[in-house]
Amino acid sequence: MKILTAEFIRSCVGPEQFPNGGLPEIAFVGRSNVGKSSLINSLLQRKSLAKVSRTPGKTRAVNVFSVVTGDVQLARFMIVDLPGYGYAKVSKSIRAQWGPLLEAYLTDREEVRIVVLLVESRVPAAQDRATIEWLLSIGHLPVVVATKVDKLKPSERVAGLRRLGAELGLDDRLPVIAYSSTTGEGRDRLWTVLKERTRI
Ligand code: GDP
């Protein structure tokens, strides 16, 4: 996938700040530290785009990027980086603030063409399974991506990914895409799936 432009648009702390240009949106969710910023940077082939937007106090915001790709024809869409969930160090009151924002974004917006759920290859969190069930219940069939797959030894890979699928309760509707932002593995496959599923 050829990325022509990728720009940070803004950090939204309330639904009124969500973009209103009507462009298709690809949303990324996952628990904190799962490798979400690294994956967005890797997908967009930009070194520090996702992290650049992480000014202090904004890490619980919904970060929006505008992207133009040009494989065969030009496609213009938004990448939306949703706040990481389940971060133990965050106080309950902060959690109470960002939960509704994430929920408002995922339940109310027609622009959301697809939700990409990131889970760690080696250590899926209990909350990941609950998130998948919740996404399904609100009508989103997520693309599940197993991050940091380079951390699995070649000998543990197949069994490891199978175990991950079982722990998350995945079935044929929800294939897992193995991804490594370090090696770039999975990038082409993820773009292919995103293009197929979003028709961007
Ligand atoms: P975020 O909090 O979900 O945005 O996670 P980050 O992208 O900041 O990554 C969290 C940590 O995992 C960092 O120390 C990254 O260097 C590391 N990391 C992210 N992706 C990979 C990967 O594909 N492979 C390996 N080995 N480490 C990764």
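Atoms within a ligand are numbered from 1 in the order they appear, just like the ligands themselves. The chain is numbered in sequence order, starting from 1.
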Practice item. May I ask you to identify, for V34, whether its side chain, its backbone, both or neither come under 4.0 Å of ligand 1 on a heavy-atom basis? Key: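 For V34, backbone and side-chain atoms both sit under 4.0 Å from ligand 1.
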Examine [X] against ligand 1 and note whether any of their N/O atoms are separated by less than 3.5 Å.
{"X": "S181", "result": "yes"}
{"X": "K151", "result": "no"}
{"X": "L39", "result": "no"}

Using a 4.5 Å cut-off on heavy atoms from C-beta on, say whether the side chain of [Y] contacts that of [X].
{"X": "P142", "Y": "L135", "result": "yes"}
{"X": "T107", "Y": "W134", "result": "yes"}
{"X": "L168", "Y": "V176", "result": "no"}
{"X": "E111", "Y": "V80", "result": "no"}

Practice item. Within a distance under 4.0 Å of any heavy atom of S38, pick out the atoms of ligand 1 and give their elements. Key: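 Reading through ligand 1 atom by atom, the close ones are 6 (P), 7 (O), 9 (O), 19 (C), 20 (N).
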Exercise for review: For D150, take its heavy atoms, then give the atoms of ligand 1 lying under 4.0 Å from any of them.
Suggested key: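 Checking each atom against D150, I get 22 (C), 23 (O), 24 (N), 25 (C), 26 (N).
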Point to revise | side chain to side chain contact (heavy atoms under 4.5 Å, CB included) assessment of R187 paired with Q45 | key: CA-CA 10 Å; R187 183 176 181 272; Q45 288 175 323; 3.3 Å; yes
Check your understanding: Is ligand 1 less than 4.0 angstrom away from at least one heavy atom of S180?
Key ->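 Distance cut 4.0 Å: S180 passes for ligand 1.
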**Study point:** Whether N33 lies under 4.0 Å from ligand 1, heavy atom
**Key:**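 Right, N33 reaches ligand 1.
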Practice item. With side chain to side chain contact (heavy atoms under 4.5 Å, CB included) as the test, would you mind laying out the steps for R109 and E25 before giving the verdict? Key: CA-CA 9 Å; R109 287 183 68 76; E25 294 172 9; 2.7 Å; yes
Review point. To which of K148, E185, K36 does the heavy atom nearest atom 12 (O) of ligand 1 belong?
Key: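 When every heavy atom of K148, E185, K36 is considered, K148 comes closest to atom 12 (O) of ligand 1.
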**Study point:** Within 6.0 Å of CG in N20, more than 12 heavy atoms from elsewhere
**Key:**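 Counting other residues, nucleotides and ligands, CG of N20 stays at 12 neighbours or fewer.
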